[in-house]
Amino acid sequence: MNEQRNLTTRQNSAVTVIGLGPMGQAMTRTLLTAGHPVTVWNRTASRADGVVTDGATLAATPSEAVEASDLVILSLTDYQAMYDVLDSATGSLAGRTLVNLSSDTPDATREAATWAAGHDTTFLTGGVMVPAPMVGTEAAHVYYSGPDDAMQRHLATLALLGTPKYLGEDPGLAQMMYQAQLTVFLTTLSGLMHATAMLGTAGTKAGEALPELLSFADSTGDILRAGEENPGVALDAGEHPGDLSTVTMMGATSDHIVETSTSLGLDLALPRAVQAHYRRAIEDGHGGDNWTRIIDGIREPR
């Protein structure tokens, strides 16, 4: 009985979505499907046509959009866009919860939380870790940080977008995790394109190369966990056992990649950056340590 009452409350609670790029549209449709009345606003009003057809209500102004719901979700280019959009609506913010799912720096999110508090508004930071087509699916997850009571209050609604992973009270934590994840993602994308260009010089088409490269990328996590379920435990302890792979061995590989890329006339920015990590560790006398020792030079660059 209580579960049914909570479900009804969740389905009937109004939500506002501001920003209707592909991500904002996907979130709006997910919320509508779950039974939420959704009010939307976008700088280019025509972008709302599709979701309005699906049942959303288009607000004429940001103030009208904010006033329609206690929960306001922002899906914008960056945090400056939040200020640009809500500058005319600050008088309507008091007592509401802003959930900003836009991308920016951790410091920018902390400044935004302070700004929101100045308008008597609760602020949650979020980082959506899937592309728009995956929003609302079992594969979706979203990192959040900010006041725990606000997180719990809106948990059922936010869970519709993807599995919520709450990181703590510091509003910058979710953005930090988001940027950390994208560091891995973007570096991997650049690596894939560098490798594809490398193979292309030998006549291998991208249609042949990428399946092989992606298969290896898929196995990277298993390779790193081989022999140890969580290699981060040793890293936290400051231990870098070189029994499986060493800085010297990995550094030699990075040298070969630079040499090959040079001979092929490819851009050297990425391979030289990787090579520099290993050369620094070797110079510091850690050639026999595990490759994880390169973190020292990343933490304390010269």
Side-chain angles (χ1 to χ4, degrees), residues 9-104 108-109 111-128 132 135-136 140 142 144 146-147 150-151 153-162 164 171 174-175:
T9 300
R10 183 188 73 186
Q11 289 182 335
N12 290 338
S13 59
V15 183
T16 289
V17 176
I18 294 178
L20 294 173
M23 187 67 72
Q25 292 182 33
M27 291 190 291
T28 298
R29 289 192 171 97
T30 298
L31 294 166
L32 287 169
T33 299
H36 287 275
V38 182
T39 298
V40 297
W41 184 89
N42 193 74
R43 194 185 303 274
T44 303
S46 61
R47 280 197 173 184
D49 290 348
V51 294
V52 168
T53 299
D54 291 337
T57 300
L58 177 62
T61 66
S63 292
E64 182 180 317
V66 169
E67 291 167 4
S69 315
D70 289 334
L71 177 63
V72 179
I73 297 174
L74 306 176
S75 180
L76 302 167
T77 304
D78 53 26
Y79 272 50
Q80 183 57 50
M82 177 188 72
Y83 300 125
D84 294 342
V85 169
L86 295 182
D87 184 57
S88 63
T90 54
S92 302
L93 292 175
R96 306 182 194 281
T97 298
L98 286 181
V99 181
N100 198 330
L101 300 180
S102 313
S103 175
D104 215 306
T109 62
E111 292 170 4
T114 300
W115 173 86
H119 296 291
D120 195 24
T121 305
T122 303
F123 190 84
L124 287 171
T125 303
V128 183
V135 168
V142 185
Y144 293 97
M151 186 70 219
R153 186 164 62 252
H154 298 292
L155 183 62
T157 302
L158 295 175
L160 295 170
L161 306 179
Q175 198 62 245

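Shown here for Leu155 and Pro164, the closest heavy-atom pair between the two residues is CD1-CG, 3.7 Å. The minimum heavy-atom distance between Gln25 and Arg47, with the atom names listed, is NE2-O, 3.7 Å. Across all non-hydrogen atoms, the minimal contact from Ala150 to Thr122 is CB-CG2, 3.4 Å. Contact detail for Ala48 and Val40: the closest heavy-atom pair is CB-CG2, 4.2 Å. What you find for Ser75 and Ser102 is that their closest heavy atoms are C-OG, 4.0 Å. Across Phe123 and Ala112, no two heavy atoms sit closer than the pair CZ-CB, 3.7 Å.
Note that CG of Asp70 and OG1 of Thr97 are 7.5 Å apart. Values are rounded to the nearest 0.5 Å. One distance of note links CG of Asp87 with CE of Met82; it measures 10.5 Å at 0.5 Å rounding. Atom CZ of Arg153 sits about 8.5 Å away from atom CG of Leu124, to the nearest 0.5 Å. Atom CG of Leu31 and atom NE2 of His36 lie 5.5 Å apart (nearest 0.5 Å). How far CG of Leu101 is from CD1 of Ile18: 12.0 Å, rounded to the nearest 0.5 Å. To the nearest 0.5 Å, atoms OH (Tyr79) and CG (Leu74) are separated by 8.0 Å.
Looking at Asn42, its side chain does come within 3.5 Å of a backbone N or O of Leu20 through a donor-acceptor pair. With hydrogens and angles ignored, the 3.5 Å screen pairs no side-chain donor or acceptor of Thr121 with any backbone N or O of Ala117. Although no hydrogens or angles enter the test, the distance criterion places a donor-acceptor pair under 3.5 Å between the side chain of Asp78 and the main chain of Ala81. Judged by distance alone, with hydrogens and angles left aside, the side-chain atoms of Asn100 form no donor-acceptor pair with the main-chain N or O of Thr125 at under 3.5 Å.
His119 is linked by a ring pair (Phe, Tyr, Trp, His ring centres under 6.0 Å) to Trp115, counting only residues two or more places apart in sequence or in another chain.
The closest side-chain heavy-atom distance from Leu71 to Leu98 is not below 4.5 Å. Annotation: side chain of His154 is not in contact with side chain of Ser13 (no heavy-atom distance under 4.5 Å). Looking at heavy atoms from C-beta onward, Pro37 lies out of side-chain contact with Val15 at the 4.5 angstrom threshold.
Every pair passing salt bridge (charged side-chain N to carboxylate O under 4.0 Å, His left out) that includes a residue from residues 29-42 is listed here, sequence neighbours excluded: Arg29-Asp54. Among residue pairs with one or both ends in residues 59-69, those qualifying as side-chain hydrogen bond (donor to acceptor under 3.5 Å, both in side chains) are Thr16-Ser69, Glu67-Ser92; sequence neighbours excluded.
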CA sep, side-chain torsions, deciding dist, call: Tyr144, Val99, side chain to side chain contact (heavy atoms under 4.5 Å, CB included): CA-CA 9 Å; Tyr144 293 97; Val99 181; 3.9 Å; yes
Leu158 and Met151: CA distance, side-chain angles, deciding distance, side chain to side chain contact (heavy atoms under 4.5 Å, CB included) verdict: CA-CA 9 Å; Leu158 295 175; Met151 186 70 219; 4.1 Å; yes
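Under the side-chain contact (heavy atoms from CB on, under 4.5 Å) test applied with Thr30, the options Val17, Val38, Val135 reduce to a single match, Val135.
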